[in-house]
Amino acid sequence: MINIENKRVLFCDLDGTLIKTVSKAVFPKDVTDFQIRKDVLDKVKDLGCFTHLAIVTNQAGIPKFVNKEDFVAKLCCIAKFIEKYCSVNVKAVWCSSSDSNHPCRKPNPGMLEDLYEEYYDPMSKSMMMMIGDASGKPGCFSDSDLKCAENFGIDYMDVEDFVML
């Protein structure tokens with residue numbers, strides 16, 4: 001079992017974890033097709049241990065299906081809302097590459113490594129964890145969030161398990 005009380009940094013996937021589509025589609029129809037998962041944010045607030053939250057998301061649809069400027073505006077609004085709602089410092093990064101060998105495309109840990117080096121070093125990785133929806137459970141589309149956390153060397157929890165804590 002993960003000792004949540006000693007965690008200070010929470011790395012979070014975006015789609016399916018912090019937000020979900022209003023349309024119920026797997027992928028958003030456009031940049032307005034989302035709603036914030038209040039259950040996740042309420043759990044972050046209730047736990048009260050996290051001082052930092054970092055959004056790490058694969059976004060291979062940029063710019064092919066989603067305009068980069070529109071996505072950046074959406075992500076900034078989500079980050080600012082989370083920061084105010086949860087009283088945490090929020091950083092947000094994305095990887096627009098579809099190349100599975102790109103160091104920042106999950107399950108590779110490049111986004112987490114970059115954030116760690118810029119903001120969280122010398123904090124111990126034992127004070128960090130990640131939540132996501134790509135956990136490799138039956139019915140999951142992937143295990144890329146789980147593997148990203150493992151590759152970075154931090155604890156991981158499926159978002160649904162996190163909400164049920």
Side-chain angles (χ1 to χ4, degrees), residues 1-20 26-27 36-37 39-62 71-72 74-76 78-83 85-165:
M1 191 61 166
I2 297 172
N3 180 5
I4 300 289
E5 295 79 33
N6 78 335
K7 304 299 182 190
R8 297 297 173 263
V9 178
L10 181 63
F11 292 97
C12 299
D13 175 52
L14 179 64
D15 298 308
T17 302
L18 292 173
I19 63 173
K20 61 183 177 181
V26 174
F27 297 106
I36 292 177
R37 288 197 55 183
D39 59 340
V40 175
L41 300 189
D42 285 343
K43 183 54 69 173
V44 170
K45 281 176 55 171
D46 291 347
L47 290 170
C49 58
F50 299 106
T51 56
H52 301 275
L53 187 146
I55 302 168
V56 290
T57 179
N58 287 342
Q59 295 292 326
I62 299 172
F71 175 75
V72 169
K74 170 185 169 178
L75 188 60
C76 287
I78 292 167
K80 185 57 73 178
F81 179 81
I82 292 170
E83 195 167 76
Y85 189 81
C86 296
S87 299
V88 294
N89 295 309
V90 177
K91 302 294 179 201
V93 294
W94 72 92
C95 179
S96 59
S97 176
S98 60
D99 178 0
S100 63
N101 293 317
H102 191 286
C104 289
R105 181 158 181 84
K106 293 182 293 181
N108 302 319
M111 286 187 283
L112 283 68
E113 289 169 350
D114 290 347
L115 286 163
Y116 180 76
E117 289 173 14
E118 188 166 349
Y119 300 107
Y120 310 130
D121 185 28
M123 193 181 297
S124 169
K125 287 185 181 180
S126 68
M127 298 172 74
M128 303 174 184
M129 68 177 284
M130 181 170 178
I131 61 171
D133 64 329
S135 304
K137 290 182 169 185
C140 280
F141 66 94
S142 172
D143 64 354
S144 61
D145 293 331
L146 168 65
K147 293 297 183 189
C148 180
E150 288 176 354
N151 290 335
F152 186 59
I154 60 173
D155 290 325
Y156 176 82
M157 188 176 289
D158 181 82
V159 65
E160 301 307 328
D161 296 334
F162 180 78
V163 169
M164 297 306 294
L165 284 174

Study note, to complete from the structure: Those residues at least two apart in sequence (or on a different chain) that pass side chain to side chain donor-acceptor pair (under 3.5 Å) with D158 are S135
**Study point:** Under the side chain to side chain donor-acceptor pair (under 3.5 Å) test, residues paired with T51 that sit two or more places apart
**Key:** none
Which pairs of donor and acceptor atoms, one on a side chain in residues 92-99, lie under 3.5 Å apart (sequence neighbours left out)?
from, atom 1, to, atom 2, distance (Å)
S97, OG, D99, N, 3.0
D99, OD1, N101, N, 2.8

Those residues that, when tested against [X], pass salt bridge (Lys or Arg N to Asp or Glu O under 4.0 Å) (two or more places apart):
X	answer
E150	K147
R105	none
K43	none
D155	K7

Under the side chain to side chain contact (heavy atoms under 4.5 Å, CB included) test, residues paired with [X] that sit two or more places apart:
X	value
K74	I19, P28, V31, F34, I78
D114	C104
Y85	K38, L41, D42, K45, F81
C49	I4, R8, L47

Practice item. Dump the intermediate steps for salt bridge (Lys or Arg N to Asp or Glu O under 4.0 Å) on R37 and E160, then the final yes or no. Key: CA-CA 11 Å; R37 288 197 55 183; E160 301 307 328; 3.0 Å; yes
Check your understanding: Can you say whether the rings of F162 and F50 are parallel (under 30°), tilted (30 to 60°) or perpendicular (over 60°)?
Key -> tilted
**Study point:** Aromatic contact, H52 with Y119 (centres under 6.0 Å)
**Key:** no
Check your understanding: Salt bridge check: are D143 and K137 linked by an N-O gap of less than 4.0 Å?
Key -> no
Exercise for review: Provide the full list of salt bridge (charged side-chain N to carboxylate O under 4.0 Å, His left out) pairs with a residue in residues 118-128, sequence neighbours left out, each pair given once.
Suggested key: none
